[in-house]
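Everything on this sheet refers to the single structure shown next.
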Amino acid sequence: MAAPKKVRIVVLCLAVLVAAGFGLRWWLHGRFIERTDNAYIRAEITAITPRVGGEVVEVAVQNNQGVKKGDLLLRIDRSDYEARLANARAAVAQREAALAANTEQQALQETLVVEARAALSASQAEATRQQQEWTRASTLVKEGVASPQRLDTATAAHQSARAQVDRSSAGVKAAQQQITALIADRARIAAELQAAQASLKLAELDLAATELRAPRDGAVGDLAARVGERVSSGLRLLSIVPLDAVYVEANFKETQLTNMQPGQQVTIEIDAYPGQPLIGHLQSVSPASGAEFALLPPDNATGNFNKIVQRVPVKITFDSFGALASRLRPGMSVEVEIDTRTGGTAG
């Protein structure tokens, strides 16, 4: 009977030691670790959509192909846009010619103003001479030296000279008003030229947009464009996945966020590559829970209420990819552990 009792005592002691060991480990390490398997690899995937519509005449890439920033992805038929560009250039040239013609017309009109003013000066001089002649004729007639016929002739000449002065003065005003009209017309032509230049710029942009190029390094995915297909502006044709800039989005329970801060160290285990953990750091915490960004956010002010622990997305960046470089794909499942003892930067 003594032996079984001793065995029970030994087993009990071992159990106590194991429990104490686990308890000590939890106290020294485990209570500082926050874990979740609700985590996935993400990337800032760029959807490629055309600015202009038309027929696809060339697809220069294939699904899963790596591309560099600036590489050609596909071409849309340029014919319509080349014609629009030629028309826009012609419109600009027409307005420029009209502006140049207006400049020449203003120069000519300024010459005509000078000529009209000279004619007015001549008319005024002639009117002055005829005024003097009429005065002399009046005096001679009163003295009986000249006949009334001479006075009539002098009066008619004087009146004609005065009329010529009025006519020349009106000619000067008309010439000056014509300059004012040309200046106003120049403003209109200049505005039309600016509009034509803007249309030309848009036509150049539209023509350039018939070639779609990679906005960043990455891999081609979800390629939907086909040669001969007519596409419209804004239609998603393919995506660029930046495989060298993937990160982890982990969804922690709100009760796990108490001691989390950006900068804390994270151990990342990729489900597809077990036994090859990677190290990263917590970069940021979402400004709201995932439910707040849902299409139909919950409204707890209606109906019966059941408290549900919410999850908040946390962004984790890799320190390095190690042997898994270029092998990680957005959407892969991962498990993460955040050590809240490591240095974080509050904020």
Side-chain angles (χ1 to χ4, degrees), residues 42-110 178-245 293 295 330:
R42 303 293 190 203
E44 302 296 338
I45 299 175
T46 302
I48 304 300
T49 60
R51 269 187 79 250
V52 297
E55 181 182 343
V56 177
V57 295
E58 178 184 359
V59 178
V61 293
Q62 297 178 350
N63 263 321
N64 312 325
Q65 176 182 333
V67 293
K68 295 292 184 181
K69 181 178 180 179
D71 286 353
L72 177 66
L73 302 176
L74 59 88
R75 284 193 177 93
I76 294 173
D77 185 20
R78 299 163 54 95
S79 303
D80 291 347
Y81 301 100
E82 287 175 341
R84 293 175 189 175
L85 179 60
N87 185 63
R89 285 175 175 164
V92 169
Q94 183 180 15
R95 300 308 189 282
E96 289 175 342
L99 205 60
N102 180 272
T103 300
E104 294 298 326
Q105 287 173 350
Q106 285 193 48
L108 175 61
Q109 195 61 38
E110 287 172 356
Q178 185 63 26
I179 289 180
T180 302
L182 288 172
I183 292 174
D185 194 49
R186 181 180 183 83
R188 177 187 62 80
I189 296 172
E192 290 178 349
L193 176 59
Q194 289 183 340
Q197 289 172 335
S199 297
L200 174 60
K201 183 63 177 177
L202 289 174
E204 290 173 343
L205 291 174
D206 286 346
L207 180 61
T210 57
E211 289 188 353
L212 276 69
R213 296 185 177 274
R216 63 185 304 175
D217 295 353
V220 175
D222 192 26
L223 178 61
R226 300 291 183 270
V227 173
E229 181 181 14
R230 179 164 290 276
V231 298
S232 59
S233 174
L235 180 67
R236 182 169 179 163
L237 301 180
L238 63 126
S239 299
I240 301 295
V241 184
L243 298 180
D244 59 347
F293 295 115
L295 181 61

Do the side chains of [Y] and [X] get nearer than 4.5 Å, heavy atoms only?
X      : Y      : value
Leu85  : Leu200 : yes
Leu74  : Leu238 : yes
Asp217 : Val67  : no
Val59  : Arg226 : no
Glu104 : Leu108 : no

Drop me the distance from [X]'s [atom1] to [Y]'s [atom2], to the nearest 0.5 angstrom.
X      : Y      : atom1 : atom2 : answer
Leu182 : Glu110 : CG    : CD    : 9.5 Å
Glu58  : Leu72  : CD    : CG    : 5.5 Å
Ile240 : Leu73  : CD1   : CG    : 5.0 Å

For a quick test of reading the model, state the closest non-hydrogen atom pair linking [X] to [Y] and the distance between them.
X      : Y      : value
Arg95  : Ile189 : O-CG2, 3.6 Å
Gln106 : Ile183 : OE1-CG1, 3.7 Å
Ala219 : Asn64  : CB-O, 4.5 Å
Ser232 : Pro50  : O-CG, 3.5 Å
Ile45  : Arg236 : CG2-NH2, 4.5 Å
Val57  : Ile76  : CG2-C, 4.1 Å

* To do: Evaluate side chain to side chain donor-acceptor pair (under 3.5 Å) for Arg186 paired with Thr103, printing each intermediate quantity in order.
  => CA-CA 8 Å; Arg186 181 180 183 83; Thr103 300; 2.6 Å; yes
* Check for a donor-acceptor pair, side chain of Asn63 on one end and backbone N or O of Asp222 on the other, with a separation under 3.5 Å. => yes
* **Thr49 (side chain) donor-acceptor with Leu235 (main chain) under 3.5 angstrom** => no
* Asked: With sequence neighbours left out, what residues match Pro242 under side chain to side chain contact (heavy atoms under 4.5 Å, CB included)?
  -> Ala43, Arg216, Asp244, Ala245
* Arg78 charged N/C atom sitting above Tyr81 aromatic ring, 6.0 Å / 45° -> no
